[in-house]
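Accompanying notes for the structure given below.
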Amino acid sequence: MPIVNMKDMLQHAYEHGYAVGAFDLVSLDFLQGILDAAEHTRAPVILSLAESHFDAFDFALLMPAVEAAAMRASVPVAIHLDHGASFETAVKAINLGCNGIMVDASDKPLQDNIAITRSLTEMAHGCGIPVEGELGYVPGVEGEDAERHPGEICYTTVEEARSYVESTGVDFLAVSIGTVHGRMQGKPELDYLRLQQINEALDMPLVIHGGTGLSDEQFRQLIDNGVSKINYYTALSDAAAKQILHNAGAAPSSGYTGLAKGLRDAIGAETERCIRLWGGEGRADEVLARCRPWTSVEHLIIYNVEGLDTAGAKEMIAEGRRVLSAIPGVREVFTGEAMKEDDQYRYTWLVRFCHPAVIDSYREHPAHVAFADNHFRPVAGGRISIDYIEIIN
Ligand code: 13P
């Protein structure tokens, strides 16, 4: 089960002077190409899903594939929400299996960015999940020409970085020091002195957005100054597009699978180049040994219902399923009825939490308290309740 705690993963990279690639994926070709590259190089990797790409795929449908691929990988993997647009998306992402979260409020005034990020951090930490904040503004759009979206770069300052991290409690900070998202003409000027000062002030893993288009030397300087996570998408998208154009040129009457041939390898090759360049190659076993595995908890309740007929009990259960499955950190709510009528306990809840921290945050969550106090406890007389942590061998 090589999904690992993302905070541990990036701390390892930070302490050992390399950066983990956070590659945005938009399809199974990307997912498989990125993981092929991580396996070939024996490197840790972050699978990122950006909300700006949600019109290209159904997030809720793709996530089970992402999680299944991560679980069968032999290298350490984290699954990250990139540039989430709201608190609600963050909760959805956690409940679908992301174990790292970013909601991007960097285009807002500083105090709003702080308030939005602080509430996100409180929620995510209650689920055991680390948060990436972004301070300063990195313009551009992933996958497009940076010149088409020429918003002003707003540089991160050392003082603001210090107070932002203290006020929000973020685990990693994405900084703006001259990169832009998307395809660039010319070479971006990066402010290494600023990065160095931020790194000295914060002493925590830093993140660079807009990895596409930077030179080998620029990457080296970034990593030397505390960058432990590099976000990368446009170059993978361009490698895929080039392959499609090549396929179309070589066999113009190809069908879908003919046009899509070799995409996984093209994406994998560019991913592999980055992993080697950023120093992640050969780190998988150390990271697996040093990072906490990502383990879920099964919250089991078996109970009988008193004072309600079967229809009433089923109504109460349906309401609970609806309310409880929306609580942050709840991966799944299974409600069941004993198959033998004379079994000692008639009903069950099996509520799967993404992390042991959810045992407490779930118990105290207002939606849980209201449901338990008003609907469940008054009718569930005899019951047994146990939290089971997943056994990983
Ligand atoms: P590029 O598309 O420039 O590689 O940037 C990706 C990114 O920063 C995603 O968050």
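Ligands are counted one by one from 1 in listed order, and the atoms in each one are counted from 1 as well. Positions are given from 1 along the sequence.
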Kindly assign one of parallel, tilted or perpendicular to the pair His16 and Tyr18, based on the angle between their ring planes and the thresholds 30° and 60°. tilted
Which of the ligand 1 atoms, numbered from 1, are nearer than 4.0 Å to a heavy atom of Asp24: 9 (C), 10 (O)
With atoms numbered from 1 as shown, which atoms in ligand 1 lie under 4.0 angstrom from a non-hydrogen atom of Thr234? 1 (P), 2 (O), 3 (O), 4 (O)
Here the atoms of ligand 1 under 4.0 Å from any heavy atom belonging to His209 are 8 (O), 10 (O)
Can you give each donor-acceptor pair under 3.5 Å made by side-chain atoms of residues 376-389, sequence neighbours left out, with the distance rounded to 0.1 Å?
| residue | atom | partner | partner atom | Å |
| --- | --- | --- | --- | --- |
| Arg377 | NH1 | Asp373 | OD1 | 2.7 |
| Arg383 | NH1 | Ala380 | O | 2.7 |
| Asp387 | OD1 | His299 | ND1 | 2.6 |

Is ligand 1 under 4.0 Å from a heavy atom in the side chain of Val138, in the backbone, in both, or in neither? neither
Considering heavy atoms of the protein only, find what lies nearest to atom 10 (O) of ligand 1 and give residue, atom and distance to 0.1 Å. Asp82 OD2, 2.7 Å
Ring centres under 6.0 Å, that's the criterion: do Trp278 and Phe23 meet it? yes
Rounded to the nearest 0.5 Å, what separates atom CD1 in Ile327 from atom CD1 in Ile94? 13.0 Å
among protein heavy atoms, the one nearest atom 8 (O) of ligand 1 is Gly210 N, 2.7 Å
His83 heavy atoms within 4.0 Å reach ligand 1 at atoms 10 (O)
Provide the number and element of each atom of ligand 1 under 4.0 Å from a heavy atom of Gly182. 1 (P), 2 (O), 3 (O)
Plane angle bin for Tyr233 and Phe30 - parallel if under 30°, tilted between 30 and 60°, otherwise perpendicular: parallel
Whether His83 and His209 hold their rings parallel, tilted or perpendicular, with breakpoints at 30° and 60°: perpendicular
Arg346 side chain vs Ala338 backbone, donor-acceptor pair below 3.5 Å: yes
Note: ligand 1 atoms sitting under 4.0 Å from heavy atoms of Thr212 are 1 (P), 2 (O), 3 (O), 4 (O)
